[in-house]
Amino acid sequence: MMTRAVDTTQELAAFLRTRRERLDPQDFGLPSRRQSRRTPGLRREEVAELAGVSIDYIVRLEQARGLRPSADVVEALATALRLAPDERAYLFGLAQQRPRGTDKPATTAAAPLTRLVADLAPLPAMVLNHRYDILAWNAEMARLLVDFGTLPPSQRNAMWLCLRHPEMREFYVDRERVVREGIAHLRAAWAAYPEDAALTDLIAEFMAHDEEFARLWAERDVKVNGRGRKEVRHPDAGTLALDFEVLMPLQDPDQRLVIYRAADEESQAALDRLRTR
């Protein structure tokens, strides 16, 4: 029977029990000893040893006696119970804790996303990670912004291009808004990925070499835009109004698919001219 609201303490207890009971002792190098095991799976004391906690702690968790395990304990339990990524996220959610990142930030686009970017033509599209590194793009996006293939990998970053690429400094009509929103996104990513040294180094570089970035970073704005509109000045196509949409794939949550569309007929005509160049 479904209830109106989730009792996280009860659900945490039930989830831990079911995950423990589905494990095969032989997978852990333990004898099955079917005759002496009254229930399937690992014993509570075995899970306690694997997770580095007391047996009493496991008992109280499984009896829903009001404990709220720390993030470190949840991580240890997830490892001990060999939880899949989705199960691990579920356990953290029940414990009302925030998981630490387990995967390294993406440095290449997932192959299906690369194919999707190509298939989205004639719409300009690209794949970014949380740092704004540009991981994949189609020809339409390269014609609109810059030929990414001619840039060294360290410069294939949307924020770096906006701040430091000579041809991009006057590209956005409302440049301060675009920079401000980009910095607000980077600040959110910085908090979400505190162990990402590359992101920290990127922010330090901007702080040291760009006064505008340093000024806006100090304001501590935090915002992640999933859609919006930008006006750009293209050297060949003139001024365009572009709507953008940012999609986050479930299988690759560190990657963002960015798609641009013309916001009006004049901008669509300009994009069509760029495509035939």
Side-chain angles (χ1 to χ4, degrees), residues 104-175 177-186 188-189 192-193 196 198-199 202 206 223-237 240-263 267-268 270-277:
K104 294 182 178 179
T107 55
T108 58
L113 292 180
T114 300
R115 293 194 297 270
L116 178 58
V117 164
D119 291 343
L120 282 168
L123 294 177
M126 60 183 172
V127 176
L128 311 176
N129 63 13
H130 66 274
R131 303 186 202 116
Y132 277 142
D133 292 335
I134 300 165
L135 308 181
W137 60 90
N138 58 18
E140 288 73 13
M141 185 62 83
R143 292 190 189 101
L144 177 63
L145 297 183
V146 66
D147 187 352
F148 305 113
T150 65
L151 300 174
S154 62
Q155 295 180 10
R156 291 178 201 157
N157 178 279
M159 198 71 204
W160 190 97
L161 292 172
C162 186
L163 292 172
R164 308 198 63 194
H165 194 286
E167 296 177 13
M168 297 291 293
R169 288 197 63 86
E170 302 302 324
F171 184 74
Y172 295 104
V173 174
D174 190 354
R175 183 176 183 280
R177 178 178 65 83
V178 172
V179 172
R180 183 183 293 276
E181 290 178 353
I183 291 172
H185 166 91
L186 280 183
Y193 296 85
D196 184 355
L199 176 58
L202 182 67
F206 293 153
K223 186 177 183 180
V224 178
N225 276 347
R227 63 169 56 97
R229 178 170 296 184
K230 297 177 182 178
E231 284 191 79
V232 303
R233 301 185 189 94
H234 194 279
D236 298 317
L240 298 82
L242 301 169
D243 291 330
F244 68 89
E245 194 79 23
V246 182
L247 307 177
M248 185 180 296
L250 287 174
Q251 292 298 110
D252 302 285
D254 184 47
Q255 303 184 35
R256 288 102 169 105
L257 175 63
V258 182
I259 306 168
Y260 282 175
R261 295 176 296 160
S267 299
Q268 183 61 61
L271 285 179
D272 291 341
R273 290 195 299 273
L274 280 177
R275 191 171 68 252
T276 57
R277 284 180 64 243

**Note, L199 side chain near L186 side chain (heavy atom, < 4.5 Å)** = yes
**Item:** Nearest non-hydrogen partners of Q255 and P249, listed with the distance
**Value:** O-CD, 3.0 Å
**Request:** For N138 and A118, work out which heavy atoms get closest and say how close.
**Result:** CB-CA, 4.4 Å
**Heavy-atom side-chain contact between L145 and F171 under 4.5 Å** = yes
**Message:** Can you pull out every salt bridge (Lys or Arg N to Asp or Glu O under 4.0 Å) where at least one residue sits in residues 155-168? Sequence neighbours excluded, please.
**Reply:** R164-E205
**Request:** Please collect all ring pair (Phe, Tyr, Trp, His ring centres under 6.0 Å) contacts where either partner lies in residues 123-161, sequence neighbours excluded, each pair once.
**Result:** H130-Y193, Y132-H185, W137-F148
**Message:** Test your reading of the model: is there a side-chain donor-acceptor pair from R256 to the backbone of V127, 3.5 Å cut-off?
**Reply:** no
**Prompt:** With distance as the sole test, does T114 use its side chain to make a donor-acceptor pair with the main-chain N or O of A136 at under 3.5 Å?
**Reply:** no
**Asked** Under the ring pair (Phe, Tyr, Trp, His ring centres under 6.0 Å) test, which residues partner F206, sequence neighbours left out?
**Response** F213
**Request:** Supply the atom-to-atom distance M159 CE to M168 CE, rounded to the nearest 0.5 angstrom.
**Result:** 11.0 Å
**Asked** Any sub-3.5 Å donor-acceptor pair from D243's side-chain atoms to A263's backbone N or O?
**Response** no
**Asked** Side chain of R175, backbone of C162: donor and acceptor closer than 3.5 Å?
**Response** yes
**Message:** Within this structure, what is the CG-OG1 distance for the pair L113 and T108, rounded to the nearest 0.5 Å?
**Reply:** 10.5 Å
**Between CZ on residue R261 and CG on residue L271, distance to nearest 0.5 Å** = 12.0 Å
**Request:** Could you go through the side-chain contact (heavy atoms from CB on, under 4.5 Å) check for L151 and I134 one step at a time?
**Result:** CA-CA 11 Å; L151 300 174; I134 300 165; over 6 Å; no
**Prompt:** Is it true that a side-chain atom of R229 and a backbone atom of A241 form a donor plus acceptor pair closer than 3.5 Å?
**Reply:** no
**Message:** In the structure I gave you, are the side-chain heavy atoms of F244 and V246 within less than 4.5 Å of one another anywhere?
**Reply:** yes
**CZ-NZ distance between R177 and K230, expressed to the nearest 0.5 angstrom** = 8.0 Å
**Message:** Nearest 0.5 Å, please: how far is NE2 in H234 from CG in L240?
**Reply:** 7.5 Å
**Message:** To check you understand the geometry: which heavy-atom pair defines the closest contact between L135 and T107, and what is its length?
**Reply:** CD2-O, 3.5 Å
**Item:** Heavy atoms from other residues, nucleotides or ligands near CD of E170 exceed 12 (cutoff 6.0 Å)
**Value:** no
**Request:** Carefully, step by step, assess L120 and I259 under the rule side-chain contact (heavy atoms from CB on, under 4.5 Å).
**Result:** CA-CA 8 Å; L120 282 168; I259 306 168; 3.8 Å; yes
**Nearest-0.5 Å distance that lies between atom CZ in R169 and atom CG in L163** = 7.0 Å
**Prompt:** Should V117 and L257 count as side-chain neighbours, where that means a heavy-atom distance under 4.5 Å?
**Reply:** yes
**Request:** Search all heavy atoms of P122 against all heavy atoms of R275 and return the closest pair with its distance.
**Result:** CB-CD, 3.4 Å
